[in-house]
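Written out below as structure tokens is the structure these notes cover.
Because the structure is predicted, anything quoted here is derived from the model rather than measured.
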Number of protein chains: 2
Amino acid sequence: MDGERPPQRRRGRPGHDQDAVLNAAVRLFNARGYDATSMFDVAETLGITKSTLYHHVSGKEQLLAMAVDRALDGLFEAAAQVSGEKRAIDRLERLISSSVLVLAERLELVTLLLRVRGNTEVEQHALARRREFDGIVTDLVKQAQAEGSIRSDVDAATAARLIFGMVNSLVEWYRPERGHPETLARTVVELAFRGLRTEATNTTQDDQRRQ
Amino acid sequence: MDGERPPQRRRGRPGHDQDAVLNAAVRLFNARGYDATSMFDVAETLGITKSTLYHHVSGKEQLLAMAVDRALDGLFEAAAQVSGEKRAIDRLERLISSSVLVLAERLELVTLLLRVRGNTEVEQHALARRREFDGIVTDLVKQAQAEGSIRSDVDAATAARLIFGMVNSLVEWYRPERGHPETLARTVVELAFRGLRTEATNTTQDDQRRQ
DNA sequence: GTCTATAAATGGATAGAC
DNA sequence: GTCTATCCATTTATAGAC
């Protein structure tokens with residue numbers, strides 16, 4: 001249009017809304033899969049045509065790049081914030097907790113991120129950043145082990161992956177209606193650190209392997 | 001075919017090998033995603049043309065159906081086998097352990113299963129069977145809670161999902177070279193039941209909520 | 001900013017010769 | 001059983017009018 005349509009909130013430059021486009025795209029990418037979603041689908045959801053969609057974004061891959069970058073930014077911000085704690089076990093606990101909160105807050109972005117396979121350069125870049133984050137977590141587990149606050153009869157990398165496997169699995173079923181993210185974060189930390197069992201319930205077979 | 005090409009192992013009927021086709025397809029589906037993989041890609045990997053591929057299988061979706069069915073059969077067999085144990089906590093432990101073993105043994109099939117989104121009827125059927133399996137697990141957790149062997153301050157469905165989130169995350173990183181599945185299964189059970197911490201390390205803030 | 005029209009490539013799938 | 005050739009639908013993306 002030619003001037004008279006002030007959006008609810010002012011924007012830096014153009015007329016329309018790139019975030020609305022991104023939101024719709026991410027939603028569809030998650031629902032049907034990135035590859036199974038066409039630019040026509042995205043345009044249709046927004047009530048515009050494909051050409052108009054291309055007026056707002058440069059292409060399908062840019063949408064993916066924006067989404068995964070925002071998700072990763074959230075996770076790295078969480079990782080940066082835990083450095084205040086003295087003990088490694090406390091940094092780990094806070095990182096687990098913050099990650100759950102980020103995941104809940106940016107649920108759709110993180111969901112998309114976790115499904116990236118590495119088909120294109122954009123996807124490979126996202127995978128590289130994810131590996132970097134995994135490395136941070138593994139280091140924390142190792143430090144907590146050296147500190148003595150985490151059992152050392154399990155491999156650090158394995159433990160790190162299992163715990164964040166638990167965290168990441170939330171994208172498959174957590175929904176805002178299901179409760180406060182803070183409550184969920186506490187449950188995850190509890191399970192990760194103390195497990196399901198009530199107390200020293202029996203021990204089936206082999207217990208002391210090496211230590 | 002016309003007679004003279006005995007494969008290494010006799011088959012029921014035809015000449016060639018449908019399993020080889022399925023294997024190659026599943027590998028590609030996992031590597032690039034189902035939708036991003038074309039029938040040309042599958043044929044190329046096998047060293048044949050697309051038409052020849054269609055001589056062996058009826059279509060892309062049939063490949064997907066065969067794969068996810070085999071994965072689900074493995075999981076339900078595991079679920080059927082735990083009924084021997086008396087206590088719910090033991091049935092749960094065995095189901096977690098068996099699931100890890102099935103996942104390791106049919107790694108590629110299960111990986112594909114866990115990525116299904118529900119776009120087609122085949123996928124929806126797979127999702128329905130997955131939900132059925134989830135229900136079995138949740139029931140076991142509830143029974144173990146009623147029994148007193150599992151802490152009741154966490155929601156049963158949440159706990160069930162988190163534990164199997166941990167199990168399922170294995171498809172993202174477990175590889176046969178990484179060790180014996182039995183060892184891994186033990187680690188998962190240990191983490192799920194007893195957690196990461198060494199002992200009664202400190203308790204941050206809120207501990208007794210309602211019970 | 002939004003549209004119609006269309007380009008150019010790729011997708012799943014089939015026909016029919018050898 | 002495998003091939004070449006081809007159909008037809010869909011895809012990403014662009015040109016250009018309004």
Side-chain angles (χ1 to χ4, degrees), chain A residues 1-22 24-26 28-29 31-67 117 119-123, chain B residues 1-22 24-26 28-29 31-67 117 119-123:
Chain A
M1 37 96 180
D2 285 320
E4 6 278 49
R5 230 260 238 84
Q8 298 172 341
R9 285 169 170 254
R10 282 280 194 64
R11 275 296 148 76
R13 281 298 184 68
H16 203 71
D17 204 299
Q18 205 177 30
D19 276 22
V21 174
L22 185 62
V26 170
L28 285 174
F29 291 165
R32 314 181 189 181
Y34 175 75
D35 292 292
T37 304
S38 75
M39 289 297 267
F40 174 83
D41 296 331
V42 178
E44 191 184 35
T45 298
L46 289 164
I48 59 179
T49 61
K50 241 189 336 172
S51 318
T52 306
L53 175 57
Y54 275 99
H55 187 84
H56 294 293
V57 295
S58 71
K60 194 181 177 184
E61 227 182 337
Q62 189 210 348
L63 286 169
L64 183 64
M66 289 173 58
R117 304 303 321 153
N119 285 342
T120 65
E121 273 192 21
V122 165
E123 299 194 10
Chain B
M1 41 114 156
D2 285 319
E4 7 276 48
R5 231 260 240 88
Q8 299 172 338
R9 285 170 171 255
R10 280 279 194 65
R11 277 296 148 78
R13 281 299 182 65
H16 201 70
D17 203 300
Q18 205 176 27
D19 276 21
V21 174
L22 184 62
V26 170
L28 285 175
F29 291 165
R32 314 180 189 181
Y34 175 75
D35 292 293
T37 304
S38 72
M39 289 297 266
F40 174 84
D41 296 331
V42 178
E44 191 184 34
T45 297
L46 289 165
I48 59 179
T49 62
K50 244 195 323 178
S51 318
T52 306
L53 174 57
Y54 275 98
H55 188 84
H56 294 294
V57 294
S58 70
K60 194 181 177 184
E61 227 182 338
Q62 188 210 347
L63 286 169
L64 182 64
M66 288 173 60
R117 305 300 326 154
N119 285 342
T120 64
E121 273 193 23
V122 166
E123 298 194 11

Roughly how many Å is it from CG in B:Leu46 to C1' in D:dC3, rounded to a whole number?
15 Å

Under 4.5 Å between any side-chain heavy atoms of B:Arg117 and A:Arg32, yes or no?
no

Residue B:Lys60, side-chain heavy atoms: nucleotide from C:dC3, D:dA13, C:dG12 that is nearest:
C:dG12

Measure from CD on A:Glu61 to P on D:dT12 and round the result to the nearest Å.
12 Å

Minimal non-hydrogen separation, B:Leu64 against B:Tyr34, with atom names
CB-CE1, 3.8 Å

Minimum side-chain heavy-atom gap B:Val57-B:Met39 below 4.5 Å:
yes

Between A:Lys50 and A:His55, who's closer to the 5' end of DNA chain C by nearest nucleotide?
A:His55

Once rounded to the nearest 0.5 Å, what's the spacing between atom CG of A:Leu22 and atom CZ of A:Phe29?
8.5 Å

Minimal heavy-atom distance between B:Ala20 and B:Leu46, with the atoms involved, is O-CD2, 3.9 Å

A:Thr45 side chain to A:Ala24 backbone, donor-acceptor under 3.5 Å:
no

Is there a side-chain contact between A:Ser51 and the phosphate of C:dT2, meaning an N or O under 4.0 Å from OP1 or OP2?
no

Secondary-structure notation, DNA chain C, from Watson-Crick and G-U pairs under 3.5 angstrom (| other strand):
||||||||||.|||||||

Would you mind listing every salt bridge (Lys or Arg N to Asp or Glu O under 4.0 Å) that reaches into residues 45-67 of chain A, with sequence neighbours excluded?
none

Starting from C1' on C:dT4, measure out to CG on A:Leu53 and report it in whole angstrom.
16 Å

Between B:Ala31 and A:Asn119, what is the shortest heavy-atom contact and its length?
O-OD1, 3.9 Å

DNA chain C contacts among residues 31-45 of chain B, heavy-atom distance under 4.0 Å
B:Thr37, B:Ser38, B:Met39

Below 4.0 angstrom from OP1 or OP2 of C:dT14, is there any side-chain N or O of B:Tyr54?
no

